[in-house]
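Working notes, beginning with the structure itself.
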Amino acid sequence: MSPVRVLVAEDNEDHRFFAVRALKRVEGVEIEVEGVADGQQTLDYVYRRGAYADRALPHLIFLDLKMPKVDGLAVLETIKGDPDLAPIPVVVLSSSDRPEDIEAAYRNGTNSYVTKPTVGDPSNDLKCVATYWTSRQVLPGLLP
Amino acid sequence: MEAVEVVRWVTSILLAVLGLAAVRMWVRRRTEAAAWLAACFACLGLGALAGRVVPDDGGPIVVERLLGVLILVVPYLLFRFADTFRPTTKAVRVAAAVLTLLVHVPLLVIADLGTPGAYTASQLVYILLVLAYWTALSTWTVVVLWRAGRGEPGVARVRVRLLAGAAALLNMALIAAVAVPAEGGPLIGVLISQGLAVTSIGAFLLAFAPPGILRREWRRQEERALRHAERELMAETTAAGVAAVLVPRIAESLGCRCAVLLDHQGRILGAHPELAQVTRLAARALDAAMASPMSGRVVDEVDLTVLELANGRLALAPSPYSPYFGSEEIALLEALAPSIDLAFERVTLYEGERRARLDVEEAKTELEGLLYGISHDLRTPLVALNGYADILAEELGEAQTSEVLFILERLRANVRYMDDLINDLLELSRIGRIEERAEPVDLAVLVREIAAGLEAAHPQARVVSGPLPVLRMSPVRARQLLSNLIQNAMKHGGRPDITVHIDSTLLPGEGVTVSVSDDGCGIPDDYREKVFGIFERLQARDSDDPGGTGIGLAICRRIVEQAGGSVDIVDAPVGTRFDLTFPASVVLDPAVPLETTS
């Protein structure tokens, strides 16, 4: 079985580190993680443009909402609006707990909205989220 | 002198007077209508007087014929007069002129016009021609004048129809005068003809110069509309709206041909009847020199009357039917000036207020966005700090010494504290800035809920409440307020078995005071005001006192003030007591004695 490919789109390097680390520690599944630092890079990746011409489509995307160049919400709208990309599950990771932001994300088609906490055990929480979304039962038939 | 002669003399003198009045009016206001009318009555007056003076039988035939011309030309002059009101085609005018000439030339040229009762055929033809000319032109005149009144405002309509009537009467009088021979005719015939003449003179005079009383009467309907308009002005919120209400009504009321309202820069705010027709009037109004403009002053020139206003000027051009404005009209205009000024002032105020309100809304939205952005940016590194602390704990695993544990815990506690600070500051800034909907809040129910929620964290503490009122305020803020105070007592009271009492007192004037008191360690006097300050804390932060940010009480005070009340720390023998006073306006139901809860 080929590894699960996950794209982490997050401009803050610390937050990106957490997401990648959580994914790497998921048990029982081989995961390939790649990170991008802004919205434009995210789109280039999924459309296999420029430096990402040789990449394959990811099986899962962790997406931050506030990103430079192209905003996370716009990236979400593009991906979910494209019939070829829409099936890819997108998990939004955001510092914002404002109802309007949550609503906007779901309206644009996100599969899940996870807030980045300032208290508690974020490492464990992220690992649970990553485990769920990378499990074979959850990921739809994008996998070979 | 016989009675008949007297009557004839009186009529002739009256006609002469009318002639003089008409000429004087023409001299004062040189309009075309006035000119024709002056000519008409001058001829009539001259003819009538001369007719008295010149003996009937004697006298040179030239004089007799000249007198005849004077009388005969009257219908044509009246026709031209009516023509100034509703101009006909050139063809008609030419035809009338030709007809007049045809009638007058024989009078001057032909020696013998025959005697009544013995006319030759050609003389009969001539007489018929005269009759045709007379009937045609006078009927045309009367019809034109009558129809000119249609659709005109009260004063103009009455005046022009009076003219029509007067013209008709005059023609009848003249025919009667010609039909009834000078000498020996029946007295009744003379009286009728002279009576008709006098009546027509009266009608003409009334039509030209109706006294103020009559004008006011005729203008009644329009004046009522004007009063209506003044009331309607109250509702208008734009300058264009005010002008649209005002200008047509004033124009109709005073019988103007056109009217225009300008501001001081010369911009047209409103026009009647149509914009295209008033541009020339507007230009003239702007040129009209105002030595020292003063609102309410009326400048009255030929063909132009201007009412000076605080924000501009109202220019009116009289119509042919109301060729001038009398003192009545001027007084009416002057009386309107304050209402118009007021209406425009209101428009300006309203517009200013609307813009100010929009500016405030915009600023509020901008501020909220800014504050949110700042708090979001401040939180981002906190997420990282918390994450790393957590990872560190994980990585160290079994290798964590108690010192390391302590350090990690302090790290996380500080992150939590910073997070609380950011939240509380945001919260504090939101109270009052964000519209919160006020609803009925039952404080007794609220206290029960809060107490239940705090049981787990403070198992030994007790909350005792007496009857509490129902207030109209934001439920979220009410919960924040009481929760803050009760939690504060439990956290900072200094003893785990603290009791918090919540009671209410009804005040004279129907406000209420809700007291939150405890039997804890209390607040020293000199700190009482300080504790409400942001960041002021009584105790140092240490590990025993998880403590708040110090903003909690500031939030409480702002919530109470937002609801219209005030909060004070009150002397108590033991512990702390906060008195929250609310005005009667937010008290929906003062405390009704209920079972106390805990």
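Every chain is numbered from 1 and lettered A, B, ... according to where its sequence line falls, protein lines coming before strand lines. All of these numbers come straight from a predicted model, not from anything done at the bench.
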Taking NZ, NE, NH1 and NH2 as the nitrogens, is one of them in Glu394(B) or Arg25(A) under 4.0 Å from a carboxylate oxygen of the other?
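Salt bridge present between Glu394(B) and Arg25(A).
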Name, in order of residue number, those residues of residues 94-107 of chain A that have a heavy atom at a distance of less than 4.5 Å from a heavy atom in chain B; otherwise write 'none'.
Ser95(A), Ser96(A), Arg98(A), Asp101(A)
Side chains of Val383(B) and Pro122(A) in contact at under 4.5 Å (non-hydrogen atoms):
no
In Å, rounded to the nearest 0.5 Å, how long is the span from [atom1] of [X] to [atom2] of [Y]?
| X | Y | atom1 | atom2 | answer |
| --- | --- | --- | --- | --- |
| Asp125(A) | Asp390(B) | CG | CG | 8.5 Å |
| Ile391(B) | Asn124(A) | CD1 | CG | 11.5 Å |
| Asp14(A) | Thr380(B) | CG | OG1 | 10.0 Å |

Against chain B, work out which of Lys66(A), Arg21(A), Lys116(A) has the most heavy-atom pairs shorter than 4.5 Å and name it.
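Among the listed options, the one with the most contacts to chain B is Arg21(A).
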Taking side-chain contact (heavy atoms from CB on, under 4.5 Å) as the criterion, tell me which of Asp420(B), Asp419(B), Asn423(B) meets it with Thr118(A).
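Checked Asp420(B), Asp419(B), Asn423(B) against Thr118(A); only one passes side-chain contact (heavy atoms from CB on, under 4.5 Å): Asp419(B).
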Tell me, for Tyr388(B) versus chain A, whether the close heavy atoms (under 4.5 Å) come from the side chain, the backbone, both or neither.
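Both parts, backbone and side chain.
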Please classify the contact between Asn12(A) and chain B as side chain, backbone, both or neither, with a heavy-atom cut-off of under 4.5 Å.
side chain
